[in-house]
Amino acid sequence: MTQIHSLVITNGYLNFHKPNDNKWMPTLLYNAIIRAYHVHNHKKVLDIFTQMLSNQISPNTHTFPPLLKSSHASVVTPIHGQALKRGILSDPFVLTTLLVVYARNSRLFCAQKVFEEVPHFCIVASNAMINAFSMNGNMEGALKLFRRMCYRDVVSWTTMVNGFVVNGEFYAAIRFFGMMMTHNDVVNCLVKLNEATYVSVLSSCANLEGKAALDFGRQVHGYIVVKGVDLGVFVGTSLINLYGKMGCLNYAVNVFRVMVVREVCTWNAMISSLASNGREKEALDLFEKMKKLQGLKPNSITFVAVLTACSRGGFIREGLKLFGSMSSEFQVVPIMEHYGCVVDLLGRAGHIQEAADIIRNMPFQPDESVLGAFLGACRIHGAIELGEEIGKKMLKLQTQQCGQYLLLSSMNAEKERWDHAADLRKEIVESGIHKVPAFSMVHLT
DNA sequence: TTAGGGTTAG
């Protein structure tokens, strides 16, 4: 990439207008380079754009989409200004990209303002705006716009279903999918469901508990089979995830077997399913197979899955070995989740000191998930002093989840250290953390 | 040459 770039520069194409050249030539070249950097090394895109301007080459409508998508949040507004200055702010491609980028940076109001500038009804911009609302937690706005649209396509419907999923409204997602299936748009074959639609609805089923969600997911699976939809990576992985979460391991294995193309995420879903259904050893075997037979490179999520398998299966040595190999062998830098797994791994087995050492040597501050795993272990194995040290740290974090503090308090109580237990409860109250009252629900049909 | 929706962990 850099070599091609240098070649173009040394040939002088990017620096001046040659008299008889097509005057758009430098713009086209810059656009091509910006697009290529956007894909391969997006941090350099702004530099190239600056260079373009300093060489007095005019950007056009094709310059802005990859430039905006590569840019840091802090430069979106100045680039917006540039587009305005260049008189290309009525272009739907530029406007839609701006809208998407503002929404991605949680600037919903700016996204809405940009959307209002789109001169005519544009299905792509409208769908992008629906997504902007959903990603910023405003499903009401998304629904209002969806209803107002003069026509909708499969992306409009799927974006709505997915919006409910990312906002945790799984029942609403399933209901909306049901509406979609009976709507004229679909019934009259104006809109054909695609992989993304199935993925969104399967994901909402997987996030629910109970037989009803499993049955619905199986119906969707049946529909996919009847319609002769190829089991692509996305749909296949979603099905494995659904069956794995629902405890139907055999179904998950069957889907995994018939899939022709499997990517890392597919293997991750299968490894996780095995790990969470009591087949930890098979999860680790599959991990070996993935590396050796398929030559695939495990990613961050793969390691969460295998470390979970080790933790649940009590494979301490294997787990520590895997954790140690992450950076050195696979260039995967451990993040909070991995530390959580290792602390859980050691803690469950009663290696409290080693778990504490891991926490002390973390390159960043542990969060409540890591400390919580440790505290749980301290409680089970009666390590009161260490538990207190970590518990105090958690109080300093001032999170609003009180479960773990109460756990610490009960630890003291169990050991009949009532004064400590009482002090801790007092500290909890003073730090403004509230206990969420437990509740149960009865579903009336 | 350009814009919109999707899978995997806890």
Side-chain angles (χ1 to χ4, degrees), chain A residues 24 27-36 38 59-69 88 91-101 103 114-115 118 122-132 134-135 142 152-163 165-166 193-204 206 231-242 244-245 252 255-256 259 262-273 275-276 283 298-309 311 335-341 344 367-370 372-373:
Chain A
W24 289 112
T27 302
L28 292 180
L29 278 172
Y30 263 112
N31 288 352
I33 290 171
I34 286 176
R35 218 175 32 252
H38 164 59
N60 64 10
T61 56
H62 294 251
T63 318
F64 286 89
L67 168 67
L68 282 164
K69 282 190 282 183
I88 51 175
D91 178 75
F93 287 78
V94 176
L95 285 171
T96 306
T97 312
L98 254 176
L99 186 171
V100 167
V101 172
V114 171
F115 179 62
V118 180
C122 168
I123 185 90
V124 178
S126 303
N127 291 341
M129 194 62 229
I130 292 181
N131 198 43
S134 337
M135 294 305 148
R152 305 162 193 107
D153 65 6
V154 65
V155 180
S156 326
W157 282 98
T158 305
T159 308
M160 283 303 300
V161 174
N162 193 50
V165 175
V166 297
L193 311 195
N194 63 19
E195 273 207 277
T197 326
Y198 298 121
V199 167
S200 289
V201 71
L202 287 171
S203 146
S204 58
L231 218 50
V233 170
F234 277 85
V235 173
T237 305
S238 302
L239 282 169
I240 293 171
N241 177 45
L242 168 77
K245 287 234 172 78
V255 172
F256 184 76
M259 281 175 73
R262 300 174 190 139
E263 285 175 11
V264 175
C265 58
T266 318
W267 291 82
N268 290 351
M270 196 63 243
I271 293 170
S272 300
S273 298
S276 57
N299 64 18
S300 190
I301 292 168
T302 320
F303 281 102
V304 176
V306 287
L307 289 173
T308 305
S311 172
I335 55 170
M336 196 69 81
E337 283 77 359
H338 301 115
Y339 283 98
C341 290
D344 189 48
D367 74 351
E368 64 266 26
S369 71
V370 176

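In what follows, chains are A, B, ... by sequence order, proteins preceding strands, each numbered from 1.
Looking at A/Asp344 and A/Ser311, their side chains do bring a donor and an acceptor atom within 3.5 Å of each other.
Side-chain to base pairing of A/Thr158 with B/dG5: one donor and one acceptor N or O lie within less than 3.5 Å of each other. Evaluation of atom-type donor-acceptor distances gives no pair under 3.5 Å for the side chain of A/Thr97 against the base of B/dA3. Evaluation of atom-type donor-acceptor distances gives a pair under 3.5 Å for the side chain of A/Asn194 against the base of B/dG5.
The side chain of A/Arg35 approaches B/dT1 more closely than any other nucleotide in the set B/dG6, B/dA3, B/dT1. Taking the side chain of A/Thr237 as heavy atoms from C-beta on, and the options B/dA9, B/dT7, B/dG6, the nearest nucleotide is B/dT7.
Using a 4.0 Å heavy-atom distance criterion, A/Asn31 is classed as a base contact. Among the heavy atoms of the strands, none lies under 4.0 Å from A/Ile130. A/Val154 comes within 4.0 angstrom of a base, heavy atoms only.
Distance check: A/Leu193 CG to A/Trp157 CH2 gives 10.5 Å after rounding to the nearest 0.5 Å. Considering CD1 of A/Ile271 and OG of A/Ser276, their distance stands at 12.0 Å, rounded to 0.5 Å.
The phosphate of B/dT7 has neither OP1 nor OP2 within less than 4.0 Å of any side-chain N or O from A/Asn241. Here A/Asn162 does not reach the OP1 or OP2 of B/dG5: none of its side-chain N or O atoms lies under 4.0 Å away.
Protein atom CG of A/Asn60 is 13 Å distant from nucleotide atom P of B/dA3, rounded to whole Å.
Scored by the side chain to side chain donor-acceptor pair (under 3.5 Å) test, A/Thr197 finds A/Thr158, A/Asn194 as partners (sequence neighbours excluded).
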